[in-house]
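What follows is a short report on a single structure.
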Amino acid sequence: MKAERLHELADAYGADLRRWPASERAFAESLLAADPSLKAVLDEAATLDGLLNAAPAPVPSAALTARILADAPKRKARGRLGRAVWYLGAGWAAAACAGVVAGVGLTTHLSADARADAVLYQSSLTGVDDTEVLG
Amino acid sequence: MVAIVDPDEDLVRRVGQGDPAAAQTLVARKLPRILALAQRMLGDAAEAEDVAQEAMLKAWRQAPKWAPGKARFDTWLHRVALNLCYDRLRRRREIPTDTPPDRPDEGPAPDRGLLAAETGVRVDAALKRLPDRQREAIVLCHYQELSNIEAAALMEISVEALESLLSRGRRALRQALSDMAPAGSPRAGRGDGR
């Protein structure tokens with residue numbers, strides 16, 4: 001970096017190297033270390049920085065802060081209607097579960113009866129056959 | 001693509017979930033910055049409050065759908081606030097007022113014993129008289145302490161153009177405030193050095 005670039009950077013960004021482009025800070029520091037007379041460039045810029053810093057930043061009022069916070073996103077509160085919908089949903093879910101259990105039980109019972117009937121029928125058929133064959 | 005590290009990411013997520021403590025923290029962290037940005041861009045306290053409130057309301061609406069990794073939340077909020085400031089500055093230009101634009105500084109006569117508050121008033125007045133783009137560059141880089149890359153991106157200009165705006169803005173401020181520079185200062189009372 002040449003001294004001319006140091007002037008350009010100080011004119012644009014001021015005396016505080018933290019405001020300078022990150023890619024040029026190290027070069028600037030090495031240049032200043034090699035030639036301390038260049039520090040006068042930063043001193044020039046520091047004068048205006050000091051004046052700029054004298055302008056105080058506004059402080060947000062409590063009223064402004066409260067107005068803004070009043071509109072902040074809220075957690076979804078479960079109201080009376082929401083609770084009713086939730087209980088209704090839970091009731092339907094319980095009824096559905098009961099239906100499944102009953103259905104499975106009934107199916108098991110019916111299939112067992114059907115199997116027993118089939119066995120009896122087959123054995124009766126066998127009996128007929130035996131009678132016919134054996135006389 | 002380089003991943004964007006956003007220090008506000010977790011906070012914004014919690015705000016989006018309706019966490020009141022997170023909302024308070026976000027306001028404490030961002031409102032002073034956004035109010036200062038608006039105040040310095042507009043030079044009007046009441047308008048600055050309106051802009052800050054509107055920007056924060058947009059933040060509340062954005063928080064639940066914020067997609068991390070695309071941009072830093074702080075940069076996005078600056079963009080929102082700057083757009084609101086520009087809307088107001090445009091409206092001012094469309095409705096002429098009695099205030100003449102860009103006139104030379106007519107502040108008090110040189111007085112080395114100026115109080116700090118008075119200095120602040122003079123600096124604010126000089127800043128207000130800068131062309132909008134020069135003021136924006138100085139506000140973003142000096143006061144908001146954004147990097148040159150962030151500031152240039154927000155202003156949608158190149159880094160070289162940003163540097164040019166900064167140099168011209170600071171030069172105009174030096175001229176406007178030359179009577180306030182400490183005695184013996186290299187550029188005190190001097191006009192444009194370059």
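Numbered from 1 within each chain, the chains take letters A, B, ... in sequence-line order.
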> In the single-linkage hydrophobic clustering (I, L, V, M, F, W, Y; side-chain heavy atoms under 4.5 Å), do B:I138 and B:V121 co-cluster?
Replying inline: no

> In terms of side-chain geometry, is the basic nitrogen of B:E163 or A:R5 positioned less than 4.0 Å from the acidic oxygen of its partner?
Replying inline: yes

> Please walk me through it: do A:D49 and B:R170 pass side chain to side chain contact (heavy atoms under 4.5 Å, CB included)?
Replying inline: CA-CA 9 Å; A:D49 286 350; B:R170 286 177 65 97; 2.9 Å; yes

>> Test of understanding: clusters of I, L, V, M, F, W, Y form through side-chain heavy atoms closer than 4.5 Å, transitively. Do A:V59 and B:V123 belong to the same one?
In response: no

> Does B:M155 belong to the same Ile/Leu/Val/Met/Phe/Trp/Tyr cluster as B:L77, with side-chain heavy atoms less than 4.5 Å apart forming each link?
Replying inline: yes

> Does the distance from a Lys or Arg side-chain N to an Asp or Glu carboxylate O, for B:R61 and A:D71, drop under 4.0 Å?
Replying inline: no

> How many angstroms lie between atom CG of B:L57 and atom CZ of A:R67, to the nearest 0.5 angstrom?
Replying inline: 10.0 Å

>> Quick check on the interface: out of A:A54, A:G14, A:P60, who has the most heavy-atom pairs with chain B under 4.5 Å?
In response: A:P60

> What part of B:P20 gets closer than 4.5 Å to chain A, counting heavy atoms only: side chain, backbone, both or neither?
Replying inline: side chain

> Which one of B:Q24, B:R168, B:E49 has the most heavy-atom pairs closer than 4.5 Å to chain A?
Replying inline: B:E49

> How far apart are the closest heavy atoms of A:A55 and B:D124, and which atoms are they?
Replying inline: CB-OD1, 3.5 Å

>> Quick one: does any side-chain atom of B:Y143 pair with a main-chain N or O of A:L52 as donor and acceptor, under 3.5 Å?
In response: yes

> Is the closest side-chain heavy-atom distance between B:R174 and A:L51 below 4.5 Å?
Replying inline: no

> If you take all heavy atoms of B:E145 and A:R19, which pair is closest and at what distance?
Replying inline: OE2-NH2, 3.4 Å

> chain B heavy atoms under 4.5 Å from A:A45: which part of the residue, side chain, backbone, both or neither?
Replying inline: both

>> Using heavy-atom distances under 4.5 Å, tell me whether B:V15 contacts chain A through its side chain, its backbone, both, or neither.
In response: both

>> Is B:R40 in contact with chain A via its backbone, its side chain, both, or neither, using a 4.5 Å heavy-atom distance?
In response: side chain

> So which part of A:D16 gets closer than 4.5 Å to some heavy atom of chain B, the side chain, the backbone, both or neither?
Replying inline: neither

> To the nearest 0.5 Å, what is the distance between OH (A:Y13) and OG (B:S167)?
Replying inline: 8.5 Å

> From B:M180 CE over to A:T47 OG1, what is the distance, rounded to the nearest 0.5 angstrom?
Replying inline: 12.5 Å

> Can you find a heavy atom in the side chain of B:L35 that is under 4.5 Å from one in the side chain of A:L64?
Replying inline: yes

>> I need the minimum non-hydrogen distance between B:G120 and A:P56, along with the two atoms involved.
In response: CA-CD, 4.2 Å

>> Rounded to the nearest 0.5 Å, what separates atom CD1 in A:I68 from atom CH2 in B:W60?
In response: 7.5 Å

